[in-house]
Amino acid sequence: MASNQQTRPAIGELAKDTAKGCVGVVMGEVGGRVQIRPIRGGTEWDAMPDNVVTPSACEELSAHLAIRNANTRAGL
């Protein structure tokens, strides 16, 4: 049976926090909140689970490009 309910991105996947309008990587869940790390690294922020969605194709492409650019600058 198919479900129309959208699933939240899993740990390690890209996610968008609709409250902040930011895309990052899901690091885990603590205290009923989703922890998301900025794409270029740094400190995670907490997001309410209802505000965490899968980014659009355009947002995902931009995020992957930002990761690749950061890795290039770091010599990786």
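Every heavy atom of this structure was used, including side-chain atoms; hydrogens, water molecules and symmetry mates were not.
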Could you pull out every donor-acceptor pair under 3.5 Å between side chains of residues 62-76 and any protein atom, sequence neighbours left out?
unit_1 : atom_1 : unit_2 : atom_2 : d
S62    : OG     : C58    : O      : 3.2
N69    : ND2    : L65    : O      : 3.4
T72    : OG1    : R68    : O      : 2.9

Output the distance between atom OG1 (T54) and atom CD (E13), rounded to the nearest 0.5 Å.
7.0 Å

Quick check: is V53 connected to M48 through a chain of hydrophobic side chains (ILVMFWY, heavy atoms under 4.5 Å apart)?
no

Ignoring hydrogens, what is the shortest heavy-atom contact between D17 and W45? Give both atom names and the distance.
OD2-NE1, 2.8 Å

Considering only distance and modelled atom types, tabulate donor-acceptor pairs under 3.5 Å from the side chains of residues 25-40, sequence neighbours left out.
unit_1 : atom_1 : unit_2 : atom_2 : d
E29    : OE2    : R8     : NH2    : 2.8
R37    : NE     : G42    : O      : 3.2
R37    : NE     : E44    : OE2    : 3.1
R37    : NH2    : E44    : OE2    : 2.3

Among residues at least two apart in sequence or on other chains, which ones pass salt bridge (Lys or Arg N to Asp or Glu O under 4.0 Å) with E59?
K16

Is there a side-chain contact between P9 and L14 in this structure, where contact means two heavy atoms from C-beta onward sitting under 4.5 Å apart?
no

